[in-house]
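Encoded as structure tokens, the structure appears first; notes follow it.
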Amino acid sequence: MSEGDRLTELAKRRGFFIQTAGSYGGVAGFYTYGPEGAALKANIESAWRDRYVTREGNMEISAPTIMQEEVFEASGHLDGFDDMIIECPECGESHRADHLVEDDPDSTVEDAEALPIPDVEGLFEDHDITCPTCGWELAGEPVEEFNLMFETNIGPGSSDPGYLRPETAQGIFVEFPQLAEYARNQLPFGVAQIGRAYRNEISPRKALVRVREFTQAELEHFIDPETDEPPLWRVEDVVLPLYSAEQQDADDGGVQEITVAEAVEEGIIQSDWIAFYLGISKAYYERIGVDMDRFRYRQHLPGELAHYASDCWDAESEIDGDWIEITGFAYRGDYDLVKHEQYSGEEYSVFKQYDEPVTVEKPTVDPDMGYLGPEFGSAAGEIVTELERLAASDPDAFEGDEVTVEADGEAYTIPVEKTGFEIEEVTESGEHITPHVVEPSFGVGRMVYTVLAHAYETDEVDGEERTYLSLPPEAAPTTVGVFPLMDKDGLAERAKEVANQLREAGLEVTYDDSGAIGRRYRRQDEVGTPFCVTIDYDSLEEETVTVRERDTTAQKRLPIDELPGTLSALRDGDATFDEF
Ligand code: GAP
């Protein structure tokens, strides 16, 4: 059984995730988190919020998931957010053409998405690639672009198209003018969002890995590219497992273990900001339970970069021998803010105050409308605009007797004396700049899947095979299982009291009194509950309980009144089980 199949079986049986509406046959690419999965996901999100919002002093917002067409025209998603599709003429099934090429056993192509369509069509011919559903030969079938956005109509009728957001980021970018005000126009500042994103994936696969509705946790960090530096000193000694573009070209699969400081110094990571985020994120992945022996940061190859990105690294986890992108770290530059400024007509910049006011020479025009009006009629207004533009961009053009501008496709020559051209000295207190954006973008579902896969363990206890999830206590859906040894003699009542006392202390508690104690332990082991508390006859007499640790199955006797503090410290990583 593959790691993925094993996980899907456990996930369904124990309530981590199931295919949505299975009784109706289900639809590929939609999953519902069960009670254990929803709790695990919430813990991963709350650790993310703690790391990227609270501890970094960033803001968090919550935007709608549907926005109007203009937003996605501006962002480039309407035109460029496509995958390659090939349809089988025999069974009618559609497939991701680049994935079929990569999956073909004879193909050595690792990143077919970066290839032009004719090359991908050529590979179908060269390798006789067939339809995975019915086996039909797909050579000669057209490969086309397929836009991944889900379209809808806003209000009745179809005059106002809207789209379900394909990334949460756009909900942040469109609000930039307001957000900059909330940040008192002081760069750098970061805005985070955790929310749903939607992509009409051609071939959803591997359970939570490629789905059509998923949760992203994204941070958009707005910086002044001229002056803002990240606090690299905080992470300079962190060792990163890097798989750079150069290593990928060398094709040896090797990962280079190198500190953040060295990676920056050697130019392997081009952006200091990306290096900073790779540094702080490593501790986050460890905290939620990603196995660092099955983890790497992979640099994007030049053909692979998204339409907005200039330097990009992915955090990848290994499952079943495949590497899965769990986070994208992108330097988006000013792409998004410039586009939204162009399309909305609003200013998407911040006013940057100089330390001291500066005096600058500013070319200006003050055209003589008494001349321009009668001479050029309705074109006069446009000519004035072009003269202003020319004065700002090329003041030398006004050095002769005449100056020529183009307006509405026609050239107009104007005597310079009629333009009112002058170089004025002005004192400026600052300037408007468009910030650049650094973006760590996390897929929450892929992190849940990774954490579950990496936590899955088996061993032997009392001669029987045991399956357990070795989740970090902070991430585990339940922190404590509370069991009465037997459901009689007041043991159940006392156990319920203890369970309530622990809940009052803010711990996630499961009470279980059904079946043999060994079976109750196994149930909690399988959902990753790190500690179980058993109330026995001595508990009634001595006010102590047995506390069992999941991974080692070691047991200790602890006083009941110390349980809330002890278990909270164990959950928060402030103590280890050996200390008690
Ligand atoms: N704002 C940038 C952005 O959306 P992305 O690399 O397309 O970048 C970010 O997506 C993360 O979202 C990925 O690293 C991945 O973890 C997750 N993701 C993307 N598509 C997904 C899908 N179809 N199913 C599950 N997670 C997905």
Side-chain angles (χ1 to χ4, degrees), residues 17 19-20 27-31 33 41 44-45 48 52 63 65 67 71-72 75-77 80-83 96 98-99 111 113-114 146-150 163-174 190-221 274 277-278 281 284-285 288 290 295-300 304-317 319 322-333 335-336 339 437-451:
F17 56 82
Q19 196 175 24
T20 302
V27 179
F30 293 95
Y31 278 87
Y33 289 91
K41 178 171 177 279
I44 286 175
E45 288 171 5
W48 190 90
Y52 296 93
T65 56
M67 284 186 287
V71 168
F72 299 109
S75 69
H77 286 93
F81 198 57
D82 302 320
D83 275 345
R96 252 188 87 166
D98 51 327
H99 284 173
D111 183 26
E113 198 179 0
F146 174 77
N147 193 293
L148 297 187
M149 281 200 296
F150 280 103
Y163 293 86
L164 277 73
R165 64 185 181 193
E167 56 173 3
T168 62
Q170 294 308 321
I172 296 176
F173 295 139
V174 291
V191 184
Q193 181 167 208
I194 301 177
R196 295 283 173 156
Y198 302 83
R199 297 183 188 178
N200 199 2
E201 296 287 353
I202 298 165
S203 324
R205 57 180 181 176
K206 290 191 191 146
L208 304 180
V209 172
R210 189 169 297 281
V211 286
R212 291 177 164 140
E213 174 174 346
F214 53 99
T215 300
Q216 287 187 320
E218 298 201 291
L219 174 67
E220 309 302 327
H221 204 134
I274 296 286
Y277 276 114
L278 300 189
S281 298
Y284 169 71
Y285 297 121
I288 60 168
V290 176
F295 174 84
R296 69 183 184 191
Y297 285 122
R298 188 183 70 81
Q299 187 170 30
H300 276 210
E304 203 185 335
L305 289 169
H307 60 272
Y308 47 74
S310 61
D311 188 19
C312 204
W313 288 76
D314 289 340
E316 295 185 331
S317 64
I319 298 173
D322 290 335
W323 287 96
I324 291 162
E325 174 197 335
I326 52 176
T327 308
F329 297 83
Y331 191 89
R332 294 178 79 126
Y335 178 88
D336 302 274
K339 286 281 181 184
V437 175
V438 185
E439 177 195 67
S441 168
F442 294 70
V444 176
R446 288 188 188 181
M447 290 196 292
V448 169
Y449 194 73
T450 297
V451 165

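Values reported hereafter were calculated over all heavy atoms of this structure, with side chains retained and with hydrogens, waters and symmetry mates removed. When a ligand or atom number is given, it counts from 1 through the structure's own listing order.
Judged by distance alone, with hydrogens and angles left aside, the side-chain atoms of Y52 form no donor-acceptor pair with the main-chain N or O of L219 at under 3.5 Å. A donor-acceptor pair under 3.5 Å is absent between the side-chain atoms of R165 and the main chain of A197, judged by distance alone.
Side-chain contact between R199 and F81: present, with at least one pair of heavy atoms (C-beta onward) separated by less than 4.5 Å.
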- Go through the steps for F329 and Y331 under the test ring-ring contact (aromatic ring centres under 6.0 Å, His included), then give the verdict. CA-CA 7 Å; F329 297 83; Y331 191 89; over 10 Å; no

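Within ligand 1, counting atoms from 1 as listed, the ones closer than 4.0 Å to a heavy atom of E439 are 1 (N), 2 (C). Set against the non-hydrogen atoms of I326, the atoms of ligand 1 under 4.0 Å away are 14 (O), 16 (O). Of all atoms in ligand 1, numbered sequentially from 1 with element shown, those under 4.0 Å from a heavy atom of R332 are 1 (N), 2 (C). Under a 4.0 Å criterion applied to the non-hydrogen atoms of G328, ligand 1 contributes the atoms 14 (O). Shown in contact with T327 at under 4.0 Å from a heavy atom are these atoms of ligand 1, numbered in order with element: 14 (O). Of all atoms in ligand 1, numbered sequentially from 1 with element shown, those under 4.0 Å from a heavy atom of E167 are 1 (N), 2 (C), 3 (C), 4 (O). Applying the 4.0 Å criterion to heavy atoms of E218 picks out, from ligand 1, the atoms 1 (N), 2 (C), 3 (C), 4 (O). Taking every non-hydrogen atom of E201 and a distance limit under 4.0 Å, the qualifying atoms of ligand 1 come out as 22 (C), 23 (N).
Take R196 and apply the side-chain contact (heavy atoms from CB on, under 4.5 Å) test, not counting sequence neighbours, and it matches K41, T65, Y198, E213, T215.
A salt bridge is defined here as a Lys NZ or Arg NE, NH1 or NH2 lying under 4.0 Å from an Asp or Glu carboxylate O, and R332 with E167 meets this definition.
Residue contacts with ligand 1: F214 is placed with no nitrogen or oxygen under 3.5 Å of a nitrogen or oxygen of the ligand (distance criterion only). At under 3.5 Å, not a single nitrogen or oxygen of P166, backbone or side chain, sits near a nitrogen or oxygen of ligand 1.
The proximity of T168 to ligand 1, defined as any non-hydrogen pair under 4.0 Å, does not occur for either the backbone or the side chain.
Side-chain contact check for T327 and Y285: at least one donor-acceptor pair (N or O, by modelled atom type) lies under 3.5 Å. Between the side chains of Y163 and H77, no donor-acceptor pair is found at a separation under 3.5 Å.
Considering M447, R199, H300 only, the shortest heavy-atom separation from atom 4 (O) of ligand 1 involves R199.
Contact between Q299 and W313 at its shortest, heavy atoms only, is N-CE3, 3.3 Å.
Residue contacts with ligand 1 leave out E220, since none of its heavy atoms falls under 4.0 Å from the ligand.
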